[in-house]
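Below is one structure; the comments refer to it alone.
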There are 2 protein chains.
Amino acid sequence: MTDDDTAPTRLTGLPSWLLTQTAAYAGRLVTDGLASVDARGYHFRVLATLDEYGPASQAALGRRSGIHLSDLVAAINELAARGLVERAPDLDDRRRNVVTLTATGRRQLATLDEQLATVQEQLLTPLSAAERTQLTTLLAKLLAYHRMSS
Amino acid sequence: MTDDDTAPTRLTGLPSWLLTQTAAYAGRLVTDGLASVDARGYHFRVLATLDEYGPASQAALGRRSGIHLSDLVAAINELAARGLVERAPDLDDRRRNVVTLTATGRRQLATLDEQLATVQEQLLTPLSAAERTQLTTLLAKLLAYHRMSS
DNA sequence: TAACAATCGTTGGTACCCCCAACGAAAGTC
DNA sequence: GACTTTCGTTGGGGGTACCAACGATTGTTA
């Protein structure tokens, strides 16, 4: 019956397959790591963006974090419920909300940073330091290209 | 207002972020490419697995393609509805179904192969030939490691 | 200034991939 | 014969990503 459970070469040869598969493992590690501190990917992305660029409207936040506006609403709701973020109406432009990182949010961000550092180590374990920079360089190149033409 | 729409360095520095983001682009290309010939990822994976290993039970198919048994049911339903696959009860083991690739299915697989080849080209455009093999080597290494310890 | 266009936040829905729990039916094992 | 395992199936959930539409507000411009 040859009941091997190894993948077809049709798949293992495709770069897109390798990418999405490894990304799936990476995603699982990230999701689990963040879940252990009651967070998920969107939360970190929002907090990190706020920390780096300062308070912003949801629209600007979405553009910078790459999160869809409609998904951002729920993410901010969850963050606000946890007291990590504050959402207040913008007095200068009454269409907007101003989202601000709280002190608690900044502490949580530090926790998430640690968690994610651990995850990176788990993810890249089999690679040498040189290989890791190789990988990030190549991925960054791909990302830059596709970010441009979109 | 500095309304740049570029991502925070907090994110761009994380390998897991680079991976999942590039994978997102790759996934979009794959999804669109396959959708243009009325297919999706699971379909290709099933067809390719059948082509390489021959007729098999759904359980074996799931193990080899990495598709969850519960998801495989729907995928085979869709493939069978398109006449690309045949599902017949196994006479030797009446718990099993034997899934077989049809001639139409084999032709469709060829079409999908072409589509995906195009996608690989789109995906890897900014990389040289050497860089492409570098990338696939690194990804394969990561994948092998994480497949083991799971 | 009045009409039009664009932006912002929100809601609700879709798609894909991945995973889990449970079940009846059929096989294998002791 | 009881027990366990496998197989196919159903139903559900979660996370990421996207689209369409809407009221409200702002801007542009004729």
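Predicted, not measured: the structure shown is a model, and the values here were computed from it.
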Within the structure, does a side-chain N or O atom of [X] lie under 4.0 Å from either OP1 or OP2 of [N]?
X: Arg96(B); N: dC7(D); value: yes
X: Asn97(A); N: dT10(C); value: yes
X: Gln58(B); N: dT9(D); value: yes
X: Arg87(B); N: dC7(D); value: no

Looking at dG8(D), dT11(C), dT26(D), which one has an atom nearest to any side-chain atom of Ser57(B)?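 In terms of side-chain proximity for Ser57(B), the closest of dG8(D), dT11(C), dT26(D) is dG8(D).
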If I take atom [atom1] in residue [X] and atom [atom2] in nucleotide [N], what distance separates them, rounded to the nearest angstrom?
X: Asn77(B); N: dG11(D); atom1: CG; atom2: P; answer: 12 Å
X: Arg95(B); N: dA26(C); atom1: CZ; atom2: P; answer: 11 Å
X: Arg63(B); N: dC19(C); atom1: CZ; atom2: P; answer: 16 Å
X: Asp93(A); N: dT7(C); atom1: CG; atom2: P; answer: 12 Å
X: Leu34(B); N: dC17(C); atom1: CG; atom2: C1'; answer: 13 Å
X: Leu72(B); N: dC18(C); atom1: CG; atom2: P; answer: 12 Å
X: Asp92(B); N: dG28(C); atom1: CG; atom2: P; answer: 10 Å
X: Ile76(A); N: dT10(C); atom1: CD1; atom2: P; answer: 7 Å

How would you summarise protein contacts on nucleotides 13-22 of chain D per nucleotide, using B for base, S for sugar-phosphate only and - for none, with heavy-atom distances below 4.0 Å? ---SBBB---
Leu101(B) and its side chain to side chain contact (heavy atoms under 4.5 Å, CB included) partner, picked from Leu79(B), Asp51(B), Leu84(B): Asp51(B)
Have a look at Gln122(B) and tell me which of Leu29(B), Val30(B), Asp32(B) forms a side chain to side chain contact (heavy atoms under 4.5 Å, CB included) with it. Leu29(B)
Partners meeting side chain to side chain donor-acceptor pair (under 3.5 Å) with Arg95(A) (sequence neighbours left out):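 Partners of Arg95(A) under the side chain to side chain donor-acceptor pair (under 3.5 Å) test: Asp93(A).
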Any carboxylate oxygen within less than 4.0 angstrom of a Lys/Arg side-chain nitrogen, looking at Lys141(A) and Glu131(B)?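 Between Glu131(B) and Lys141(A) there is a salt bridge, with a charged N closer than 4.0 Å to a carboxylate O.
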Validation row: Leu142(B), Pro126(A) side chains within 4.5 angstrom (heavy atoms):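 With C-beta onward as the side chain, the pair touches.
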Check whether any side-chain heavy atom of Ile76(A) sits under 4.5 Å from a side-chain heavy atom of Asn97(A), and report yes or no. no
Looking only at heavy atoms, the pair that brings Ala26(B) and Leu19(A) closest together is CB-CD1, 4.1 Å
So which one's nearest nucleotide on DNA chain C is more toward 5', Val98(A) or Arg94(B)?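 It is Val98(A), whose closest nucleotide lies nearer the 5' terminus.
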